[in-house]
A.B. asks: 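Could you have a look at this structure, given as structure tokens, before my questions?
Chain identifiers are assigned alphabetically (A, B, ...) following the order of the sequence lines, protein sequences preceding nucleic acid strands; residue numbering begins at 1 within each chain. These numbers come from the heavy atoms of this one structure, side chains and all, not from hydrogens, waters or symmetry mates.
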Number of protein chains: 2
Amino acid sequence: MRIRDEKKEEIVRQKALELLVKLGFDGFSMQKLAKAAGVSPATLYIYYKDKEDLILKIGEEVGERMVKATFEGFHQEMDLKTGLWLQWTNRANFHLNHYLETQFYEQLKLTPYKDKLAENITAKFSQEMGGFMKNAVKNGETVRMKPEVFWSVAFAPLYNLIKFHIAGKSMGGAPYQLSEQDMKAAFDIVIKGIKK
Amino acid sequence: MRIRDEKKEEIVRQKALELLVKLGFDGFSMQKLAKAAGVSPATLYIYYKDKEDLILKIGEEVGERMVKATFEGFHQEMDLKTGLWLQWTNRANFHLNHYLETQFYEQLKLTPYKDKLAENITAKFSQEMGGFMKNAVKNGETVRMKPEVFWSVAFAPLYNLIKFHIAGKSMGGAPYQLSEQDMKAAFDIVIKGIKK
DNA sequence: AATATAAATGAATAATCATTTACTTATGAA
DNA sequence: TTCATAAGTAAATGATTATTCATTTATATT
């Protein structure tokens with residue numbers, strides 16, 4: 001039997017990301033994707049059940065890569081500051097090197113597709129963070145708080161800086177580019193707030 | 001001459017928000033909107049030049065209402081903690097009372113439409129925050145930092161809590177509902193980090 | 001070399017899309 | 001009461017949509 005062309009599949013994924021980000025979810029279509037990837041529309045239905053399946057599968061793949069990158073070199077026994085900074089740099093690097101993936105995934109998580117996304121991605125996050133936080137409390141590095149609160153004060157500032165960076169502009173439409181200096185400035189404030 | 005039915009226009013806006021959020025930007029269409037609002041598709045083209053104009057105009061209106069709500073009762077001479085907490089509560093109340101608007105606006109800001117959004121909304125933000133921050137530095141309440149950094153450490157945690165609330169679930173798919181208690185817990189950490 | 005089978009396709013499907021056209025309706029001004 | 005004008009509409013426009021069908025192509029196994 002004929003063998004599936006993995007390269008072709010990869011092009012489809014890449015072009016799908018490009019088009020979804022460039023045209024938005026509404027501007028995107030299967031025919032445009034087929035044309036951009038240089039395949040027949042029917043081929044897309046060999047790789048994916050339908051359009052929703054395509055978007056969700058690509059979304060889940062991106063999510064998994066992001067989680068993996070975030071926890072590269074991380075273990076729950078790290079002290080608060082070290083572990084947090086590792087995740088900050090991991091995450092920032094991923095976003096800066098995977099512009100399209102980030103842009104796409106952030107959108108996806110706000111659309112109705114989010115309800116159909118597999119939950120193993122956030123589950124992994126939750127589990128790693130839970131253990132890390134528990135440890136930090138045990139060691140007297142911080143006080144007990146809900147995971148949602150911890151997450152929000154510990155990571156949201158970084159994600160927001162990345163969001164500014166991705167948009168290319170920030171407050172008042174001013175150009176903005178994320179720098180390590182800004183990351184460090186934000187991190188100092190965050191860790192100061194979290195540390196007991 | 002015949003007079004425009006303001007009530008009809010309002011229904012269109014409301015239904016547009018509902019459909020855009022419920023169906024996503026891709027599921028949304030002018031015909032669906034017309035049907036949901038009980039008007040002819042052609043009527044939409046009296047109110048708006050085209051679909052893009054409709055989405056942008058509604059987006060700008062939402063943005064303006066959000067800014068106005070955020071700065072209700074605010075003035076730049078407030079001390080850091082008071083001014084920040086006022087904005088937190090203002091913003092949280094707006095989001096909780098205007099679920100659809102928030103959901104829609106957050107999406108809009110990530111789609112390609114964002115480049116065509118009028119910038120007077122973020123400009124107002126930028127201006128108010130700039131003065132507030134400058135004042136806080138002058139009074140020795142905090143150290144000098146880029147507006148983007150300040151913004152990210154001071155507000156991103158709240159927005160993230162709101163995002164959890166809107167999604168209805170947070171880490172690991174666990175149900176989540178924003179409480180004043182959580183807001184206060186997060187705020188304490190944030191203000192501790194920012195204060196000199 | 002022949003066969004079986006899944007990959008891949010170009011062209012078609014019916015549905016839906018954004019938008020326009022030709023027309024009717026309501027209302028303030030005359 | 002008539003008239004001018006903008007609001008509002010039903011129905012149609014051609015383009016584009018997601019998906020499928022009938023067919024061809026490539027390869028692993030026999």
Side-chain angles (χ1 to χ4, degrees), chain A residues 1-61 104 107-108 111-113 115-117, chain B residues 1-61 104 107-108 111-113 115-117:
Chain A
M1 63 163 191
R2 189 172 177 179
I3 211 155
R4 187 178 292 192
D5 187 342
E6 305 284 351
K7 204 153 49 180
K8 198 168 279 187
E9 233 184 315
E10 180 49 37
I11 292 174
V12 166
R13 263 195 297 270
Q14 182 59 30
K15 288 291 170 189
L17 278 172
E18 282 176 28
L19 291 185
L20 280 163
V21 169
K22 195 167 104 191
L23 308 177
F25 279 56
D26 50 342
F28 175 84
S29 81
M30 296 300 262
Q31 331 238 21
K32 284 179 189 166
L33 172 57
K35 194 169 182 183
V39 302
S40 162
T43 304
L44 302 176
Y45 289 85
I46 295 170
Y47 301 154
Y48 305 100
K49 185 176 152 285
D50 52 27
K51 194 174 83 160
E52 176 175 292
D53 184 50
L54 182 147
I55 289 176
L56 288 175
K57 277 223 177 79
I58 293 179
E60 277 158 23
E61 215 177 285
F104 164 68
Q107 281 186 62
L108 187 67
T111 67
Y113 289 109
D115 297 326
K116 300 182 174 177
L117 263 178
Chain B
M1 64 166 189
R2 189 172 176 178
I3 211 155
R4 187 178 290 192
D5 187 341
E6 305 284 352
K7 205 151 52 180
K8 199 167 277 184
E9 232 185 313
E10 180 49 38
I11 292 174
V12 166
R13 264 195 297 271
Q14 183 58 30
K15 288 290 172 189
L17 279 171
E18 281 177 28
L19 291 184
L20 280 162
V21 169
K22 195 167 106 189
L23 307 176
F25 280 53
D26 50 343
F28 175 83
S29 81
M30 296 299 263
Q31 331 236 19
K32 285 178 189 165
L33 172 56
K35 195 169 181 182
V39 301
S40 162
T43 304
L44 302 176
Y45 290 84
I46 296 171
Y47 301 155
Y48 305 99
K49 187 175 151 285
D50 52 26
K51 193 175 84 160
E52 176 176 292
D53 184 51
L54 181 148
I55 289 176
L56 287 176
K57 278 223 176 79
I58 293 179
E60 278 157 23
E61 215 176 285
F104 164 67
Q107 280 186 63
L108 187 68
T111 66
Y113 288 109
D115 298 326
K116 300 183 176 179
L117 264 179

A.B. asks: Can you tell me the distance, in whole Å, between the NZ atom of A:Lys8 and the C1' atom of C:dA6?
C.D. replies: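 To the nearest whole Å, that distance equals 14 Å.
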A.B. asks: May I have the distance from B:Glu6 (atom CD) to C:dT27 (atom P), rounded to whole angstrom?
C.D. replies: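 Spelled out: CD on B:Glu6 to P on C:dT27 is 13 Å.
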A.B. asks: May I ask you to say whether A:Lys7 pairs ionically with A:Glu10, meaning some side-chain N is under 4.0 Å from a carboxylate O?
C.D. replies: no
A.B. asks: With the threshold set at under 4.0 Å for non-hydrogen atoms, list the residues of residues 10-24 of chain B touching DNA chain C in residue-number order.
C.D. replies: none
A.B. asks: Within this structure, what is the CZ-to-C1' distance between A:Arg2 and D:dA26, rounded to whole angstrom?
C.D. replies: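 Distance check: A:Arg2 CZ to D:dA26 C1' gives 5 Å.
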A.B. asks: What residues from residues 44-52 of chain B pass a heavy-atom cutoff of under 4.0 Å to DNA chain C?
C.D. replies: B:Tyr45, B:Asp50, B:Lys51
A.B. asks: Roughly, in whole Å, what's the span from CG in B:Asp26 to P in C:dA18?
C.D. replies: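 My rounded result for the distance is 12 Å.
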A.B. asks: Can you give me the N/O atom pairs linking the protein to nucleotides 10-15 of chain D at distances under 3.5 Å, or say none if there are none?
C.D. replies:
residue, atom, partner, partner atom, Å
D:dA10, N7, B:Ser40, OG, 3.2

A.B. asks: For B:Glu18 and B:Lys15: C-alpha separation, side-chain torsions, deciding distance, then whether salt bridge (charged side-chain N to carboxylate O under 4.0 Å, His left out) applies.
C.D. replies: CA-CA 5 Å; B:Glu18 281 177 28; B:Lys15 288 290 172 189; 3.5 Å; yes
A.B. asks: With heavy atoms under 4.0 Å as the rule, sort A:Ser29 into base, sugar-phosphate or nothing.
C.D. replies: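 Sugar-phosphate contact only.
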A.B. asks: Figure out the CG/C1' separation between B:Leu54 and C:dA18, and round it to whole Å.
C.D. replies: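 After rounding, the reported distance stands at 12 Å.
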A.B. asks: Judged by each residue's nearest nucleotide on DNA chain C, which is more toward the 5′ side, A:Gly38 or B:Gly27?
C.D. replies: A:Gly38
A.B. asks: Whole-Å distance between C:dA18 P and B:Phe25 CZ?
C.D. replies: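 Interatomic distance, CZ of B:Phe25 to P of C:dA18: 13 Å.
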A.B. asks: Whole angstrom is fine here: how far is it from NZ in B:Lys35 over to C1' in C:dA18?
C.D. replies: 17 Å
A.B. asks: Starting at atom CG of A:Asp5, determine the distance to atom P of C:dA6, rounded to an integer number of angstrom.
C.D. replies: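 These atoms are roughly 18 Å apart.
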